[in-house]
Protein chains: 2
Amino acid sequence: MSSRHPALRLFLRRLQQRSILNEEEQAAILSIKGRQAEIEPHRDIIRPGELTDFSCLIVSGFAARFGQLDNGHRQITAIHIAGDMCDLYSLMLPKVEWALQALSARLAILKVAHRDLLDLVHAYPGIAEAFWRDCVADGSITSQWVVNIGRRDARMRTAHLFCEIGVRMERAGLGRRTAFPLSAVQTQLADALGMTPVHMNRIIRGLRRDNLLIIQGRDVQVPDWDRLAAAGSFDGGYLAMDESWRLS
Amino acid sequence: MSSRHPALRLFLRRLQQRSILNEEEQAAILSIKGRQAEIEPHRDIIRPGELTDFSCLIVSGFAARFGQLDNGHRQITAIHIAGDMCDLYSLMLPKVEWALQALSARLAILKVAHRDLLDLVHAYPGIAEAFWRDCVADGSITSQWVVNIGRRDARMRTAHLFCEIGVRMERAGLGRRTAFPLSAVQTQLADALGMTPVHMNRIIRGLRRDNLLIIQGRDVQVPDWDRLAAAGSFDGGYLAMDESWRLS
DNA sequence: CGGAGTCTTGATCCCGTTCAAGCAGCGTGG
DNA sequence: CCACGCTGCTTGAACGGGATCAAGACTCCG
């Protein structure tokens with residue numbers, strides 16, 4: 001049990017980038033109660049087919065939403081960073097269809113009961129709208145992934161993903177878009193981009209050779225943002241994170 | 001101006017498949033006012049970058065959400081059928097990032113002012129939740145598309161898409177999953193599945209040769225549903241259309 | 001020191017693209 | 001009535017991006 005958990009500040013900050021919340025609503029968000037848990041890598045937080053009664057706020061680390069195929073292949077459909085309430089949608093559709101899994105070692109989450117979230121939603125219309133809006137933004141990102149995987153070649157795809165993560169990390173206050181931590185192995189990036197680990201490796205090597213990316217252990221650096229953005233023809237509008245949203 | 005428009009009945013039916021609405025809320029949905037319009041094919045209903053103040057309820061025909069790339073390539077990220085309020089998400093993020101376009105000739109829509117929808121949302125919490133839930137379901141479908149395009153080969157992908165459309169048409173009361181109208185040309189299906197029109201043609205020919213699909217003009221028939229579903233390893237759970245959702 | 005996981009590299013193969021052309025249906029206009 | 005042009009469907013041939021198979025190298029850790 002914890003109140004005013006640091007992750008709640010991140011979460012509130014996230015919501016406020018897209019929605020306006022009054023004092024009372026802000027306080028209500030910050031007083032959300034949850035149970036913290038550490039998740040080991042490759043361990044499912046949520047298994048598809050289950051009926052859930054909680055959502056997961058990421059405290060630190062990375063998590064991903066997985067789709068799984070009969071033949072054992074997996075496809076990541078979303079990557080979540082600290083401050084994301086990564087399965088907020090399960091509040092509306094508690095029978096989840098997607099596995100949620102730690103991307104990296106050292107994933108810490110805060111499990112928040114649906115009951116508590118629903119109470120918030122019913123008591124504060126502004127919070128309901130903010131949650132709804134965040135679910136829509138999540139969908140916008142997923143749509144962009146469809147475009148990315150469907151119509152861009154491997155190199156563009158990869159550059160685009162690094163741009164997206166960079167911008168999201170920066171806006172979350174977890175780094176700069178040109179320098180941020182990313183603890184995901186190449187196999188997982190491949191699963192996110194719909195390609196094989198071998199090819200993922202070659203593409204990343206290429207990006208490093210061309211000095212578009214510098215990757216050292218868990219740290220990513222972008223020497224020249226504009227060139228990387230051009231290589232991925234990245235336009236962050238779909239992230240719905242600039243101020244133009246702030247109209248009720 | 002119209003009230004109790006037939007499309008509103010479809011829309012209400014859609015909402016009620018996922019959410020519980022009381023009498024008053026049902027009546028409120030049915031009394032939504034809108035301006036009907038006929039859209040020509042290849043004409044944008046909504047252009048990306050615009051600020052919208054209305055949403056589109058499809059009366060008849062098909063519409064699609066498009067992502068566009070610098071090189072002119074397009075990727076469809078969602079297909080909408082009659083009864084879909086196809087850009088409900090713009091209610092929360094009025095600055096749209098996606099083009100919305102007629103997929104077929106003979107698309108009729110009902111333009112509904114955001115103002116009216118927001119009034120409904122504020123007056124009836126049940127409607128707000130139903131709208132929110134539908135946005136989440138839309139996101140679930142988009143996630144499935146990521147899996148489909150990212151990890152399935154062309155034949156599976158195609159079979160999967162036909163299964164999805166079949167089930168959605170059936171649930172909307174617009175046909176049976178084994179026999180439904182679909183007015184989309186092969187080029188557009190290719191844009192939805194991230195492939196070239198030429199290859200799309202070959203795959204469809206293959207499915208017809210194997211008697212998995214019968215396509216005559218605008219009508220699709222599925223001689224053996226189970227075989228088609230197997231060919232696409234289709235499991236409709238992600239559509240969130242069975243009754244298990246009906247818990248508030 | 002051995003083993004597991006990750007990164008790296010090479011060789012070969014194939015699914016899907018690309019380029020190109022022919023064909024069928026259909027509305028339009030001479 | 002046929003010629004035409006347009007749009008969508010179909011087919012062939014050749015190419016290439018990414019997959020697949022296989023093995024070696026590095027790092028971390030027990």
Side-chain angles (χ1 to χ4, degrees), chain A residues 40-43 62 69 71-75 101-106 148-161 182-210 213-220 231, chain B residues 40-43 62 64 69 71-76 101-106 148-161 182-210 213-220 231:
Chain A
E40 296 156 44
H42 309 121
R43 171 68 60 85
F62 295 83
L69 280 77
N71 57 18
H73 284 171
R74 352 178 84 223
Q75 172 69 45
Q101 211 177 77
L103 253 196
S104 57
R106 296 197 263 293
N148 210 23
I149 296 173
R151 288 293 182 208
R152 287 197 242 258
D153 67 18
R155 187 183 163 94
M156 282 183 88
R157 256 187 254 188
T158 307
H160 194 279
L161 179 63
L182 175 64
S183 40
V185 299
Q186 294 184 355
T187 302
Q188 294 165 328
L189 295 175
D191 280 338
L193 293 169
M195 38 200 279
T196 53
V198 172
H199 198 53
M200 182 80 262
N201 178 268
R202 283 192 245 263
I203 296 298
I204 287 182
R205 299 240 81 209
L207 291 172
R208 296 205 296 201
R209 188 184 331 105
D210 300 344
L213 284 179
I214 298 173
I215 301 179
Q216 287 165 338
R218 298 193 149 71
D219 288 310
V220 176
Chain B
E40 295 158 44
H42 308 122
R43 171 68 59 88
F62 296 83
L69 279 76
N71 58 18
H73 284 171
R74 353 179 81 224
Q75 172 69 44
I76 294 177
Q101 211 176 77
L103 210 48
S104 56
R106 295 197 263 293
N148 210 23
I149 296 173
R151 288 292 182 211
R152 286 197 243 256
D153 68 20
R155 186 182 162 95
M156 282 183 87
R157 254 186 257 187
T158 307
H160 194 278
L161 180 63
L182 175 64
S183 41
V185 300
Q186 293 184 356
T187 302
Q188 294 165 328
L189 295 175
D191 280 338
L193 293 169
M195 37 201 278
T196 53
V198 172
H199 199 52
M200 182 80 262
N201 178 269
R202 284 193 243 264
I203 296 297
I204 287 182
R205 299 238 82 209
L207 290 173
R208 297 204 294 202
R209 188 188 333 106
D210 300 345
L213 284 179
I214 299 171
I215 301 179
Q216 287 164 338
R218 298 194 150 69
D219 288 309
V220 176

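Predicted model only: the values in this text are computed from it and were never measured. Convention: sequence-line order gives letters A, B, ...; per-chain numbering from 1.
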Problem set entry | A/L193 vs A/T158 side-chain heavy atoms within contact, under 4.5 Å | yes

Problem set entry | Nearest-Å distance for atom pair CD/P, residues B/Q188 and D/dG8 | 8 Å

Exercise. Taking everything shown except B/R208 itself, do over 12 heavy atoms lie less than 6.0 Å from its CZ?
Worked result: yes

Seminar exercise, completed: Closest heavy-atom pair, A/L189 versus A/A184, reported as atoms and distance to 0.1 Å, is CD2-CB, 4.4 Å

Exercise. Would you find more than 12 non-hydrogen atoms of other residues, nucleotides or ligands less than 6.0 Å from B/R106 atom CZ?
Worked result: no

Problem set entry | Atom-to-atom span, CD of B/Q216 to P of C/dG25 - whole angstrom | 14 Å

List every contact pair, protein side and nucleotides 11-21 of chain D side both N or O, where the distance is under 3.5 Å.
{"unit_1": "D/dT11", "atom_1": "OP1", "unit_2": "B/R205", "atom_2": "NH1", "d": "3.0"}
{"unit_1": "D/dT11", "atom_1": "OP2", "unit_2": "B/R205", "atom_2": "NH1", "d": "2.8"}
{"unit_1": "D/dG12", "atom_1": "N7", "unit_2": "B/R202", "atom_2": "NH1", "d": "3.3"}
{"unit_1": "D/dG12", "atom_1": "O6", "unit_2": "B/R202", "atom_2": "NH2", "d": "3.4"}
{"unit_1": "D/dA13", "atom_1": "N6", "unit_2": "B/R202", "atom_2": "NH2", "d": "3.1"}
{"unit_1": "D/dG18", "atom_1": "OP1", "unit_2": "A/A154", "atom_2": "N", "d": "2.9"}
{"unit_1": "D/dG18", "atom_1": "O5'", "unit_2": "A/H199", "atom_2": "NE2", "d": "3.3"}
{"unit_1": "D/dA19", "atom_1": "OP1", "unit_2": "A/T196", "atom_2": "N", "d": "3.2"}
{"unit_1": "D/dA19", "atom_1": "OP2", "unit_2": "A/T196", "atom_2": "N", "d": "3.3"}
{"unit_1": "D/dA19", "atom_1": "OP2", "unit_2": "A/T196", "atom_2": "OG1", "d": "2.7"}
{"unit_1": "D/dT20", "atom_1": "O4", "unit_2": "A/R202", "atom_2": "NH2", "d": "3.2"}

Problem set entry | Rounded distance [0.5 Å steps], CZ in A/R151 versus NE2 in B/H73 | 6.5 Å

Exercise. So, is B/Q186 near the phosphate of D/dT10, with a side-chain N or O under 4.0 Å from OP1 or OP2?
Worked result: yes

For this session: Step by step, work out the salt bridge (charged side-chain N to carboxylate O under 4.0 Å, His left out) result for B/D210 and B/R205.
Result: CA-CA 9 Å; B/D210 300 345; B/R205 299 238 82 209; over 6 Å; no

Problem set entry | Distance in angstrom units between B/D191 CG and C/dG16 C1', rounded | 15 Å

Exercise. What is the distance from CG of B/N71 to C1' of C/dT18, rounded to the nearest Å?
Worked result: 14 Å

Exercise. Taking only side-chain nitrogens and oxygens of A/R208, does any of them come within less than 4.0 Å of OP1 or OP2 of C/dT8?
Worked result: yes

